[in-house]
Number of protein chains: 2
Amino acid sequence: MGVLEKFPAARRAKRAVEAPARLPLNEILRGDCIETMRALPDRCVDMIFADPPYNLQLGGDLHRPDGSQVDAVDDDWDKFDSLAVYDRFTREWLHEARRILKDDGTIWVIGSYHNIFRVGTALQDEGFWILNDIVWRKANPMPNFKGTRFTNAHETLIWCSKAEKAKYTFNYRTMKALNDDIQMRSDWTLPICSGGERLKDDDGHKAHPTQKPESLLYRVMLACTEPGDLVLDPFFGTGTTGAVARRLGRRWIGIEREDKYIKVATQRIQATLPLDESAMMSIPEKKAAPRVAFGLLVESGLIPPGSTVTDSKRRWSAMVRADGVLAGPNGATGSIHGLGAQLQGAPSCNGWSFWHIETPTGLEPIDAVRQRHLAQLGE
Amino acid sequence: MGVLEKFPAARRAKRAVEAPARLPLNEILRGDCIETMRALPDRCVDMIFADPPYNLQLGGDLHRPDGSQVDAVDDDWDKFDSLAVYDRFTREWLHEARRILKDDGTIWVIGSYHNIFRVGTALQDEGFWILNDIVWRKANPMPNFKGTRFTNAHETLIWCSKAEKAKYTFNYRTMKALNDDIQMRSDWTLPICSGGERLKDDDGHKAHPTQKPESLLYRVMLACTEPGDLVLDPFFGTGTTGAVARRLGRRWIGIEREDKYIKVATQRIQATLPLDESAMMSIPEKKAAPRVAFGLLVESGLIPPGSTVTDSKRRWSAMVRADGVLAGPNGATGSIHGLGAQLQGAPSCNGWSFWHIETPTGLEPIDAVRQRHLAQLGE
DNA sequence: GTCTCCGCTGAATCAAACA
DNA sequence: GTGTTTGATTCAGCGGAGA
């Protein structure tokens with residue numbers, strides 16, 4: 001388990017090379033999602049976003065567990081039969097999705113209470129590891145006209161890594177920045193897709209019944225992919241995933257069965273302009289900065305040997321030795337981290353923020369010295 | 001499907017008589033929930049509220065950034081050997097629950113992403129008919145300390161009738177009144193249980209690791225039961241269900257395995273005073289003011305990435321990045337507030353009034369965009 | 001008595017690089 | 001793989017201490 005955040009350029013470049021040349025990039029593949037995924041190689045996509053059907057009227061692709069064909073318009077088959085059919089369909093496409101997902105990739109699936117519990121169970125059973133369930137709070141849901149239930153005002157997304165210990169990309173800082181510097185929560189309030197964003201067919205009717213808002217895909221992709229990553233959407237519909245991927249400089253593959261949606265999506269994506277790269281940049285993560293050993297600052301004279309460091313409340317102090325080791329009270333010594341932990345009796349400690357040096361304007365964390373040093377290196 | 005609302009007094013009276021005299025009313029039954037339910041007769045309760053173990057599968061210790069340790073749920077009752085074992089347990093207790101539920105009764109089950117998909121699947125498989133899934137948005141959830149995921153800020157409740165065509169009670173008007181005369185939605189924002197409501201043991205530690213807030217049960221019971229109805233909670237814990245039932249003039253049965261919880265719950269419920277009947281229909285409730293992050297306007301395309309913002313006198317300008325961060329002159333970046341303060345050399349700055357966008361009619365503060373967005377949300 | 005500051009806490013599947 | 005080292009990481013609400 002681990003988070004890949006702002007990984008080195010080498011890895012990003014590797015990603016671009018990894019994908020076999022024969023992969024159909026930035027294209028809509030026409031066909032059944034399961035069969036079409038079967039034609040794609042193992043471990044070739046960085047993220048999968050899936051908005052599977054949940055009306056159980058899935059057409060001729062569905063078979064009962066015994067193999068017999070299901071007639072979707074035949075309402076004789078009971079609820080349990082239909083649930084079993086839906087489960088089978090879900091497990092099949094998730095199985096293929098898992099095969100073609102890279103080991104450090106993630107999958108997102110969106111649904112409502114009609115199907116999301118089946119999907120979540122199938123995800124866990126296939127070995128995916130749930131990282132979060134996300135609630136999309138619709139700012140403007142359709143009211144419950146009959147007054148028989150609560151207004152169904154949300155949908156649920158499930159976000160999974162490929163396995164419990166798998167690494168995955170999560171752009172924590174970017175999400176925090178997007179939320180006014182407060183951690184992004186698992187509930188997202190976004191308007192439904194309407195107005196000019198809602199695609200219409202030639203008759204002026206909505207082109208697709210469940211077109212998702214671009215803002216939703218925008219947040220998903222900003223959170224869990226890097227520019228250049230490959231995103232697959234096996235239920236492409238009107239191509240919201242493709243449009244947002246193009247806008248954010250991600251590559252994409254769409255799978256869609258119906259020609260009318262392929263037509264609409266193709267036009268839509270062609271009309272979408274990629275963002276300028278400077279506008280796309282995500283927050284540089286601290287983890288990406290080159291490491292600076294404390295000893296380096298001592299060597300450089302930025303923190304001279306023999307100087308004294310204290311914690312912010314001056315409860316403890318220590319002397320900086322020439323080798324970068326701190327000498328604390330009662331003969332205690334250690335690295336900036338080790339001594340800080342030792343004195344506080346804590347399991348661990350970030351010495352960079354714990355220790356401070358005296359300046360004319362007051363105490364300053366030694367991390368500030370490191371940052372100045374880093375800034376100097378960068379020039 | 002049908003809703004029993006404002007049913008005639010006759011029906012209410014009938015309910016009171018229906019329950020066999022031998023039913024243990026307003027009592028905590030000590031024992032395993034499945035075995036104990038087996039001893040109850042068919043179709044005897046009007047509602048079931050269940051807060052089963054979540055099967056959290058937590059790993060090692062978790063520390064806050066300040067070094068303190070998170071007091072995690074490590075109780076034996078939350079440990080299951082596998083998902084299969086958990087599923088079997090879930091199906092068994094749901095099967096008994098279904099048997100003792102009246103045909104026009106409803107069941108509520110609460111859970112998190114660890115277990116709720118298993119629960120939802122099992123509910124559907126047992127023949128329950130999902131009416132809504134409800135999201136409890138926690139006003140004050142625990143943050144994600146390591147920055148590895150989205151803050152897990154909600155739990156999910158599933159509300160079911162006994163069958164697709166079953167009648168059930170839903171007090172639509174009560175819910176609407178409770179929500180400032182707007183239909184109650186499927187997402188409820190409520191604080192977690194803390195402060196004086198949180199029960200402590202003799203040592204001053206929390207008596208139960210997962211005590212639910214009374215406000216949650218209050219809303220559930222107001223929505224789906226009538227005074228005099230019988231509510232069963234098979235995982236009674238510290239008795240929130242019993243306390244709220246008593247307060248609202250409902251009858252209750254609790255099932256709990258552990259003596260320490262029974263003891264606490266008994267005291268608690270004895271100390272709970274039933275509401276005056278006239279007071280029973282209203283809840284004072286403060287509505288949280290919606291907070292709109294700048295990034296939300298960027299995501300929504302209201303302020304497109306790449307656009308330029310300036311202060312009112314056009315002394316400074318900055319570019320809006322895709323993540324909602326502003327990129328100013330000389331490589332300076334920051335949030336709308338942070339960069340504004342930085343450029344002015346001020347300790348702080350209200351970015352909403354400081355930054356403006358160009359419009360056909362001149363400069364407009366970005367707060368105006370926010371206000372229009374809020375108006376659209378209708379919140 | 002009032003206001004401010006500080007500390008504590010909550011159903012959590014919570015690190016990564018290097019030797 | 002395993003163990004060690006480095007160092008990254010938090011929000012809202014309540015209540016007690018202190019001004």
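Throughout, protein chains are lettered first and strands after them, A, B, ... in sequence-line order, and every chain is numbered starting at 1. Not measured: the values here are computed from a predicted model.
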Atom pairs, protein N/O to nucleotides 1-7 of chain C N/O, distance under 3.5 Å:
{"from": "C/dG7", "atom 1": "OP1", "to": "A/K313", "atom 2": "NZ", "distance (Å)": "3.1"}

For B/R268, salt bridge (Lys or Arg N to Asp or Glu O under 4.0 Å) partners two or more places apart: B/E214
DNA chain C contacts among residues 72-82 of chain B, heavy-atom distance under 4.0 Å: B/A72, B/V73, B/W77, B/D78
N/O (side chain, B/N152) to phosphate O (OP1/OP2, C/dT13) under 4.0 Å: yes
N/O (side chain, A/H337) to phosphate O (OP1/OP2, D/dG7) under 4.0 Å: yes
Centroid-centroid under 6.0 Å between B/H208 and B/Y261 rings: yes
Ring center gap for B/F150 and A/W159 short of 6.0 angstrom: yes
Atom pair distance, as rounded to whole Å: CG in A/N179 and P in D/dT10: 13 Å
Whole-Å gap separating C1' (C/dA15) and CZ (B/R149): 12 Å
Check: A/L190 main-chain N/O paired with A/W136 side-chain donor or acceptor under 3.5 Å: yes
Which nucleotides of DNA chain C pair, in dot-bracket form (Watson-Crick or G-U under 3.5 Å, | meaning another strand): .|||||||||....|||||
Test applied, side-chain hydrogen bond (donor to acceptor under 3.5 Å, both in side chains); reference residue, A/H154; option that passes from B/D133, B/D187, B/T156: B/D133
Sugar-phosphate only, base, or nothing, as touched by A/I182 at under 4.0 Å among non-hydrogen atoms: sugar-phosphate
Touch class at under 4.0 angstrom, heavy-atom based, for A/R185 against every strand present: nothing
With a cut-off of 3.5 Å and sequence neighbours excluded, list every side-chain donor-acceptor pair involving residues 317-326 of chain A.
{"from": "A/R321", "atom 1": "NH2", "to": "A/D323", "atom 2": "OD2", "distance (Å)": "3.1"}
{"from": "A/D323", "atom 1": "OD1", "to": "A/V325", "atom 2": "N", "distance (Å)": "3.0"}

Produce the list of close N/O pairs, under 3.5 Å, pairing protein atoms with atoms of nucleotides 8-10 of chain C; give distances to one decimal.
{"from": "C/dG10", "atom 1": "OP2", "to": "B/K206", "atom 2": "NZ", "distance (Å)": "2.9"}
{"from": "C/dG10", "atom 1": "O5'", "to": "B/K206", "atom 2": "NZ", "distance (Å)": "3.2"}
{"from": "C/dG10", "atom 1": "N7", "to": "B/R64", "atom 2": "NH2", "distance (Å)": "2.5"}
{"from": "C/dG10", "atom 1": "O6", "to": "B/R64", "atom 2": "NE", "distance (Å)": "3.1"}
{"from": "C/dG10", "atom 1": "N2", "to": "B/N140", "atom 2": "O", "distance (Å)": "3.4"}
{"from": "C/dG10", "atom 1": "N2", "to": "B/P141", "atom 2": "O", "distance (Å)": "3.0"}

Syn/anti state of D/dT5 by chi, 90° boundary around 0: anti
